[in-house]
Novice: 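Before I ask anything, here is the structure I am working with.
Chain letters run A, B, ... following the sequence lines, proteins first, then strands; residues in each count from 1. Only a predicted model underlies this, so the values are computations on that prediction, with no experimental measurement involved.
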Amino acid sequence: MNDRPVPPPAATPGLFPIPPLAEQERMIEAILFASAEPVSSAELARRLPEGCDVAEALAHLRSRYAGRGVVLVRVGEAWAFRTAPDLAWLMHSEQVEQRRLSRAAIETLAIVAYHQPVTRAEIEEIRGVAVSRGTIDQLLELDWIRLGRRRMTPGRPVTFVVTEAFLDHFGLESARDLPGLKELREAGLLDSRPLPGAAEAEAEEEDAEDVGQRPLFDE
Amino acid sequence: MNDRPVPPPAATPGLFPIPPLAEQERMIEAILFASAEPVSSAELARRLPEGCDVAEALAHLRSRYAGRGVVLVRVGEAWAFRTAPDLAWLMHSEQVEQRRLSRAAIETLAIVAYHQPVTRAEIEEIRGVAVSRGTIDQLLELDWIRLGRRRMTPGRPVTFVVTEAFLDHFGLESARDLPGLKELREAGLLDSRPLPGAAEAEAEEEDAEDVGQRPLFDE
Amino acid sequence: MVAQDAQEPGDGAAPAMAERLAGEALIVDVDGFEGPLDLLLTLARRQKVDLRRIPVLQLAEQYLRFIEAVRALRIELAADYLVMAAWLAYLKSRLLLPPDPAEDGPSAEDMAAHLAFQLERLEAMREAAARLMARDRLGRDIFARGAPEVVTVARSKQYSATLLDLMQAYARLRTRDDFRPYAFDRSDVFPMEAALERLRDMLGHQGDWAELAHYLPPGWRGAGKRRRSAMASTFAASLELAKQGRVELRQAETFAPIRLRPRRPGGQDNGHGGGDGGGAA
């Protein structure tokens with residue numbers, strides 16, 4: 001794709017022949033595509049080599065895109081590509097709201113992954129703070145953790161393990177593929193910079209009195 | 001431009017006839033234009049009405065854009081529109097400052113790309129010097145490398161592989177298209193050749209279970 | 001030293017001056033090398049031969065000479081450069097001597113071939129890296145859609161987390177466990193207050209010059225940490241007492257034992273005491 005001769009830079013006008021109209025069209029196409037804002041004809045003329053016929057090239061480009069999935073539209077004095085109006089419905093499904101998992105949730109998840117099967121009390125011991133019910137619920141709902149067997153200790157507390165969906169999401173074959181502490185250190189992850197907002201995160205914890213209360217998945 | 005009948009939303013499969021191929025092409029065009037990131041074939045299939053032939057429509061779309069100012073490129077299993085490389089000179093105002101990488105980081109990146117999946121010890125063996133934590137960290141942060149499977153050798157070391165973002169950044173369809181890969185392999189320079197007399201036992205063990213780990217280069 | 005290389009018979013026809021300049025540039029740049037293999041590769045490139053046909057013996061000699069030259073300049077070398085030097089010296093001797101049939105393990109030729117392979121492979125990776133970086137790159141030569149359209153309608157929330165997030169979270173937890181406030185292990189520390197007290201007491205019964213070590217408490221006179229700690233605090237205490245004018249210190253020469261004696265009340269101004277004290281400081 002590199003075999004096309006490089007046209008002259010715009011900075012040296014007049015020294016080179018004017019590019020053919022089809023080439024001017026390509027140039028405008030690339031500029032409009034890559035620009036974050038609509039681009040005015042004047043700006044296009046400035047960026048193209050001297051002697052280009054921006055209006056003519058734009059007209060060609062516009063008709064080339066007529067009826068396509070994207071169309072060339074005029075926005076005031078400027079030009080931009082937009083999704084064809086009849087395909088607007090295609091864009092709708094796109095919007096899944098990306099949320100970052102809370103620090104409490106990601107830490108709880110990490111503990112389950114590294115220590116499974118693990119009880120809630122054990123999670124709290126490792127984190128050094130209570131684990132809110134919402135955190136566990138969220139991870140259950142995401143289908144990243146599930147209830148494992150009950151621990152055969154007094155109170156028979158439930159344990160948590162990670163799910164297939166978890167392994168799938170994080171691209172792991174098995175939970176044993178998680179890097180160990182030594183590797184984390186070698187990869188420079190142990191001296192991680194404090195995350196933004198890390199300090200406030202503790203505040204979200206609430207207490208939890210429902211340890212081992214769910215008989216749901218008892219086997 | 002609104003006179004085309006609105007196709008059925010993707011959420012109601014089977015109830016409506018499959019759109020014609022030209023229409024599927026328009027839809028893919030719209031989706032890919034709307035996204036700055038590559039979109040996987042699987043995602044396209046999910047968003048198009050049931051029964052569409054994504055591969056076929058993509059092939060048509062690609063040839064339609066061949067030689068244009070904007071071209072359809074393949075990035076691993078995903079697709080994206082990108083400006084044509086020969087127009088780079090036009091795009092000054094879109095250029096973003098490239099992060100400067102140390103020589104160590106650049107070499108480490110190349111070693112991961114050409115030898116993947118590769119362990120840290122192998123990187124160090126090739127460079128003849130310890131890999132600093134910052135180097136790996138930086139490449140992980142750029143999302144150019146990621147953790148691959150563990151090597152089934154003693155200690156089960158983690159491996160590193162390159163990412164789709166790496167392919168996207170360097171304009172590669174797949175890691176198989178790395179420049180000079182074939183020549184390097186034929187010259188035996190990608191073999192892991194242990195120091196004579198040392199570590200022969202390890203090499204054997206590796207072959208046994210490791211086969212599934214090299215999907216990139218073994219055809 | 002490098003210029004001599006150029007005059008050696010059979011050693012390339014490069015002009016001595018250029019060679020010397022190159023040699024000096026190398027020496028100045030010693031910090032710029034990324035390890036012994038990098039240094040070897042640079043030396044090999046100066047031979048302007050195909051890496052596959054590199055004369056390993058000659059290369060080993062060059063490396064060893066280079067290391068010597070650097071050490072003569074008292075530039076500190078990282079250990080792995082020295083390890084490589086030792087290995088190359090060994091390889092060199094193996095290459096020069098007739099093979100010992102009793103010795104098993106890889107032959108000197110195998111070892112040399114492996115070194116050549118390593119150099120070739122490193123060089124190949126360097127070139128590959130350069131070619132990679134020279135490709136048309138996103139954001140520099142090729143560009144993505146500048147105004148991606150994100151249409152917000154569907155309400156599904158998707159929680160995202162990467163493996164990196166997960167690992168960092170876990171690493172954070174585990175390092176928190178490792179953390180404990182810094183606390184000094186005091187069982188092997190002889191505090192200065194104790195030394196001061198002991199010295200004051202003992203000086204009352206002491207008339208003449210005695211070595212500092214003589215004042216160490218019993219149980220702290222052996223070797224190792226306890227002695228070092230007691231010696232340090234006793235010395236510090238002696239300085240304190242000297243400052244207060246209660247003892248005199250002397251030391252015959254650098255590193256000689258430090259000796260002290262109580263200063264006589266209303267005592268004589270004794271000049272050499274002050275001078276020797278300066279030596280001890």
Novice: Which heavy atom of Ala30(A) sits nearest to which heavy atom of Val70(B), and what is that distance?
Specialist: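 Nearest pair, atom of Ala30(A) first, then Val70(B): CA-CG2, 4.1 Å.
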
Novice: How long is the span from the CD atom in Glu29(B) to the CZ atom in Phe81(A), to the nearest 0.5 Å?
Specialist: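 If I round to the nearest 0.5 Å, the distance is 9.5 Å.
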
Novice: So which of Ile28(B), Thr135(B), Val158(B), Leu61(B) has the largest heavy-atom pair count under 4.5 angstrom toward chain A?
Specialist: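 Option with the top pair count is Val158(B).
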
Novice: Would you please test Thr83(A) and Ile31(B) for side-chain contact (heavy atoms from CB on, under 4.5 Å) and show each step?
Specialist: CA-CA 8 Å; Thr83(A) 306; Ile31(B) 292 172; over 6 Å; no

Novice: Around atom CD of Glu141(A), are there more than 12 heavy atoms from other residues, nucleotides or ligands closer than 6.0 Å?
Specialist: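 No - once you tally the heavy atoms of other residues, nucleotides and ligands closer than 6.0 Å, there are 12 at most.
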
Novice: Got a sec: does the NE2 of His115(A) have more than 12 other heavy atoms crowding it under 6.0 Å?
Specialist: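 Buried by this count: over 12 neighbours within 6.0 Å.
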
Novice: Could you walk me through whether His92(B) and Arg47(A) pass the side-chain contact (heavy atoms from CB on, under 4.5 Å) check?
Specialist: CA-CA 9 Å; His92(B) 303 296; Arg47(A) 287 176 64 178; over 6 Å; no

Novice: List the atom of Gly67(B), the atom of Arg26(A), and the distance in Å for their closest heavy-atom pair.
Specialist: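 Shortest heavy-atom separation between Gly67(B) and Arg26(A) comes out as O-NE, 2.8 Å.
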
Novice: Is Gln116(A) atom CD crowded by more than 12 heavy atoms from other residues, nucleotides or ligands, each under 6.0 Å away?
Specialist: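 Enclosed: over 12 neighbouring heavy atoms sit under 6.0 Å from CD of Gln116(A).
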
Novice: Is Leu32(B) in contact with chain A via its backbone, its side chain, both, or neither, using a 4.5 Å heavy-atom distance?
Specialist: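 Neither part.
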
Novice: Looking at Met91(B) and Ala34(A), what are the two nearest heavy atoms and their distance?
Specialist: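 Taking every non-hydrogen atom into account, CE-CB, 3.4 Å.
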
Novice: Quick one: what part of Arg82(B) sits under 4.5 Å from any heavy atom of chain A, side chain, backbone, both or neither?
Specialist: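 Backbone of Arg82(B) only, per the 4.5 Å heavy-atom cut-off to chain A.
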
Novice: Answer yes or no: are there more than 12 heavy-atom neighbours, outside Glu77(A) itself, under 6.0 Å from its atom CD?
Specialist: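 Atom CD in Glu77(A) is not crowded, with 12 or fewer foreign heavy atoms closer than 6.0 Å.
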
